[in-house]
Amino acid sequence: MWNISVSRRWARALLSLVDKDIDLALSQLEAFSRAFAGTAGLSELFKNPNFSHSQQEAFMESLLGITSDVNPHVANFMRLLAQRGRLVFLDTIIRTLHGLADLRQNRMRGKLSSARPLLPEQAKALQQALEEKTQKALLLETMVDKSLVGGVSIQVGNMLFDGSLKGQLDNLRVRLLTR
């Protein structure tokens with residue numbers, strides 16, 4: 001719980017700085033996160049208490065020295081995270097920042113699961129129908145889930161639109177068992 005409130009403060013601070021460039025800042029933060037996760041020992045540098053904040057800061061400074069195209073606010077943000085020993089919260093900060101950016105830009109994220117791959121126009125039609133229903137722009141991640149047997153299932157926020165054969169069979173089973 002503590003890391004969520006810490007992450008929210010850091011995310012709000014960065015959002016106030018980058019404002020209109022939030023999507024660029026998020027992509028740069030995600031690139032740092034992927035680099036840390038994909039390089040053996042790097043994540044250990046941020047989690048291990050044997051490495052001081054000054055060692056983390058020195059590493060970050062050298063990393064920023066070789067990446068010239070980073071937004072100055074993002075670079076300073078990463079320096080400050082290293083200085084304060086908060087790099088361990090980077091992924092939580094990114095998730096929080098996505099949520100804050102989505103609120104600010106009146107959009108929602110969701111997952112569209114289908115039993116087999118959808119044609120692009122089918123996915124677009126579903127997305128447009130949901131955008132009308134939610135009155136928000138949607139960023140849908142599409143995936144194939146063969147366990148659905150047929151149809152689609154869409155999770156947007158805390159709403160589930162289940163038009164899958166599996167969902168319908170599950171509902172039928174529940175109704176028959178409760179009679």
Side-chain angles (χ1 to χ4, degrees), residues 1-12 14-15 18-40 42-43 46-47 71 74 77-78 81 86-179:
M1 183 67 149
W2 183 78
N3 64 348
I4 293 172
S5 63
V6 168
S7 298
R8 190 175 302 126
R9 275 193 309 253
W10 284 91
R12 283 184 180 151
L14 182 60
L15 182 62
V18 295
D19 195 29
K20 303 267 189 263
D21 295 328
I22 186 61
D23 290 328
L24 173 65
L26 274 164
S27 69
Q28 291 177 349
L29 289 173
E30 288 167 342
F32 278 111
S33 177
R34 282 190 306 275
F36 297 158
T39 307
L42 266 185
S43 59
F46 309 127
K47 294 176 184 171
N71 176 305
V74 172
F77 183 76
M78 294 301 291
L81 286 177
R86 298 291 192 247
L87 284 167
V88 69
F89 297 119
L90 183 60
D91 290 334
T92 310
I93 292 169
I94 291 170
R95 279 192 303 279
T96 305
L97 196 53
H98 270 295
L100 293 173
D102 289 348
L103 278 174
R104 181 173 276 190
Q105 296 176 353
N106 196 35
R107 66 184 180 203
M108 293 177 77
R109 295 177 187 275
K111 291 185 181 179
L112 186 152
S113 302
S114 59
R116 57 183 161 270
L118 296 176
L119 297 172
E121 54 270 10
Q122 292 172 316
K124 187 68 176 169
L126 286 168
Q127 180 174 347
Q128 287 173 339
L130 283 171
E131 285 177 344
E132 287 177 23
K133 186 163 189 72
T134 61
Q135 296 296 305
K136 293 187 183 286
L138 291 180
L139 302 172
L140 287 179
E141 174 189 338
T142 59
M143 58 193 299
V144 174
D145 180 357
K146 293 187 186 296
S147 74
L148 296 178
V149 184
V152 298
S153 175
I154 304 171
Q155 176 80 40
V156 177
N158 61 359
M159 298 176 287
L160 176 65
F161 302 94
D162 192 354
S164 69
L165 185 55
K166 179 182 182 233
Q168 292 173 16
L169 290 172
D170 287 346
N171 286 338
L172 180 60
R173 182 174 44 84
V174 167
R175 283 197 310 249
L176 288 172
L177 290 174
T178 57
R179 285 186 172 199

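All values below were derived from every heavy atom in this structure, side-chain atoms included, with hydrogens, water molecules and symmetry-related copies excluded.
Inter-residue side-chain proximity for Ser153 and Leu148 is flagged as met; some heavy-atom pair is nearer than 4.5 Å. Within the 4.5 Å cutoff, the side chain of Arg173 has heavy atoms near those of the Asp170 side chain. Side-chain atoms of His98 and Leu26, non-hydrogen and from C-beta on, do get closer than 4.5 Å to each other. With a 4.5 Å cut-off on side-chain heavy atoms, Arg109 and Arg107 count as touching. Contact annotation: the side chain of Val156 approaches that of Ile154 to within less than 4.5 Å [non-hydrogen atoms, C-beta and beyond]. Contact annotation: the side chain of Lys166 never approaches that of Lys146 to less than 4.5 Å [non-hydrogen atoms, C-beta and beyond]. Proximity of Val18 to Leu24: side-chain heavy atoms (C-beta onward) are nowhere separated by under 4.5 Å. Inter-residue side-chain proximity for Ile93 and Phe77 is flagged as met; some heavy-atom pair is nearer than 4.5 Å.
Rounding to the nearest 0.5 angstrom, the gap separating the OG atom in Ser164 from the CG atom in Asn171 is 8.5 Å. Going from atom OG of Ser33 over to atom CZ of Arg95 covers 9.0 Å, rounded to the nearest 0.5 Å. The line from CG of Asp91 to CZ of Phe36 is 9.5 Å long, rounded to the nearest 0.5 Å. A distance of 11.0 Å separates CD in Gln155 from CG in Leu140, rounded to the nearest 0.5 Å. Atoms CH2 and OG, on Trp10 and Ser5 in that order, are 13.0 Å from each other to the nearest 0.5 Å.
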Decide yes or no on salt bridge (Lys or Arg N to Asp or Glu O under 4.0 Å) for Arg104 and Asp23, but give the supporting numbers first.
CA-CA 12 Å; Arg104 181 173 276 190; Asp23 290 328; over 6 Å; no
Test side-chain contact (heavy atoms from CB on, under 4.5 Å) applied to Leu112 and Met143, step by step:
CA-CA 6 Å; Leu112 186 152; Met143 58 193 299; over 6 Å; no
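Annotation for Ile94 and Leu29: closest pair CD1-O, 3.5 Å, computed over non-hydrogen atoms. For the residue pair Ala11 and Thr96, the shortest heavy atom distance occurs at CB-CG2, 3.8 Å. Here the closest heavy-atom approach between residue Val74 and residue Ala25 is recorded as CG2-CB, 3.6 Å. Heavy atoms only, all atoms of each residue included: Ala101 and Ile22 are closest at CB-CG1, 3.6 Å.
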Kindly list each side-chain donor-acceptor pair under 3.5 angstrom involving residues 123-135, sequence neighbours excluded, with atom names and distances?
residue, atom, partner, partner atom, Å
Gln127, NE2, Glu131, OE2, 3.2
Gln127, NE2, Leu138, O, 2.7
Glu131, OE2, Leu138, N, 3.0
Thr134, OG1, Leu130, O, 2.9
Thr134, OG1, Lys136, N, 3.4
Gln135, NE2, Glu132, O, 2.6

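A donor-acceptor distance shorter than 3.5 angstrom exists from the side chain of Gln28 to the backbone of Asn71, with no hydrogens or angles considered.
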